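Data first, discussion second: the structure below is written as structure tokens.
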Amino acid sequence: MSERQEAIPNKVVDLLVSEVFRKNNVNIDNAKSKLTDEQKRAIRELVDELKSQVETFVKESPSSKKE
Amino acid sequence: MPETKWRALDHCDNHNKHDADVDQENVQKQVTKQISNEWIIVRDSEDVEVTTTDTQVALSLQLGIQAAIVAVISITIGDNEQGNNVAQDLKQFMKTKQSNKQKTIIEGSKHVKVKTTDTDIAVNIQALLQILVAIVAKLDVL
């Protein structure tokens, strides 16, 4: 099965997020330091779960079919 | 002589079987969810199978991802003006088209399978997830 197509190119999303952080003077290193290992683990698990839910949803959504 | 229009349920009429199955002419189904307005009208037909996108699942997924984004911002940047501004700016991208209108009419048919899909919702959710992943990647969480 082919890789799921991105809704928006990842580079564009990355640029948008970087720009929002820059615009608001967010110090990334400072932000990183606020995360404990426990929080990182929890966020990782959360993201993984959401990813799999989205994948399931996109896969199960009926595709348009013409007969 | 005018040709008689073929009707899927003619054979039911012939047998004088006026049970519930025959009353499909007036069967209308409207599926209205918070972000979708979909009409599927089945008229004078039999053996029709309809599958549609579950917009309720989509909506809860959307809210789940948005909440995750806000939570990550709140922890890392803080629940302060800066954090709120970042969340506010990100919400600009999260604004999604909240309406999907489609109408499907099945008339005078038998043995039909119909699948409709709301591609807007699927794409929006994928885009939201990409934003979340981009944020956590920047924070070296992944």
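Residue numbers start from 1 in every chain, and the chains themselves are labelled A, B, ... in the order their sequence lines are given, proteins ahead of strands. Note: hydrogens, waters and symmetry copies are ignored here, and every other heavy atom, side chains too, is used. No experiment lies behind these values; they were computed from the predicted model shown.
Neither the backbone nor the side chain of A:Asp48 comes within contact range of chain B; no heavy atom of the residue lies under 4.5 Å from a heavy atom of that chain. Contacts of A:Leu50 with chain B are made by both backbone and side-chain atoms, with heavy-atom separations under 4.5 Å. For B:Val136, the part sitting under 4.5 Å from any heavy atom of chain A is the side chain, from C-beta outward, and nothing else. With a threshold of 4.5 angstrom between heavy atoms, A:Ser33 does not approach chain B through any atom at all.
Applying the 6.0 Å contact sphere to CD of A:Glu49 captures no more than 12 heavy atoms from other residues, nucleotides or ligands. Shown here is B:Glu81, whose CD atom has no more than 12 heavy atoms of other residues, nucleotides or ligands within 6.0 Å.
Heavy atoms only, all atoms of each residue included: A:Phe57 and B:Ala122 are closest at CE2-CA, 4.1 Å. Nearest heavy atoms, B:Thr76 versus A:Lys34: O-CD, 3.0 Å. Residues A:Asn24 and B:Gln82 share a closest heavy-atom pair of O-NE2, 2.8 Å. Closest approach of B:Leu139 to A:Lys32, counting heavy atoms only: O-CG, 3.7 Å.
Chosen from B:Ala127, B:Ala71, B:Gly78, the residue pairing most often with chain A at heavy-atom distances under 4.5 Å is B:Ala127. Highest contact tally toward chain A, considering only B:Ile131, B:Val123, B:Leu61, is held by B:Leu61 [criterion: heavy-atom pairs under 4.5 Å].
Using a 4.5 Å cut-off between side-chain heavy atoms of Ile, Leu, Val, Met, Phe, Trp and Tyr, with links allowed through other members, B:Val70 and B:Ile65 fall into different hydrophobic clusters.
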List, one per line, each side-chain donor-acceptor pair under 3.5 Å for residues 8-16 of chain A, sequence neighbours excluded.
{"from": "A:Asn10", "atom 1": "OD1", "to": "B:Gln130", "atom 2": "NE2", "distance (Å)": "2.9"}
{"from": "A:Asn10", "atom 1": "ND2", "to": "A:Glu6", "atom 2": "OE2", "distance (Å)": "3.0"}
{"from": "A:Asp14", "atom 1": "OD1", "to": "B:Lys138", "atom 2": "NZ", "distance (Å)": "3.2"}

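Rounding to the nearest 0.5 Å places CG of B:Leu132 at 9.0 Å from NZ of A:Lys51.
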| What's the verdict on side-chain contact (heavy atoms from CB on, under 4.5 Å) for A:Val20 and B:Asn85, showing C-alpha distance, side-chain angles and the deciding distance? | CA-CA 9 Å; A:Val20 169; B:Asn85 287 343; over 6 Å; no
| Stepwise side-chain contact (heavy atoms from CB on, under 4.5 Å) test for A:Phe21 and B:Ile73 | CA-CA 10 Å; A:Phe21 282 174; B:Ile73 297 294; 4.1 Å; yes
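Judged purely by atom type and a 3.5 angstrom limit, A:Gln39 has no side-chain atom pairing as donor or acceptor with the backbone of B:Ile75.
Using a 4.5 Å heavy-atom cutoff, the side chains of A:Leu46 and B:Val72 are not in contact.
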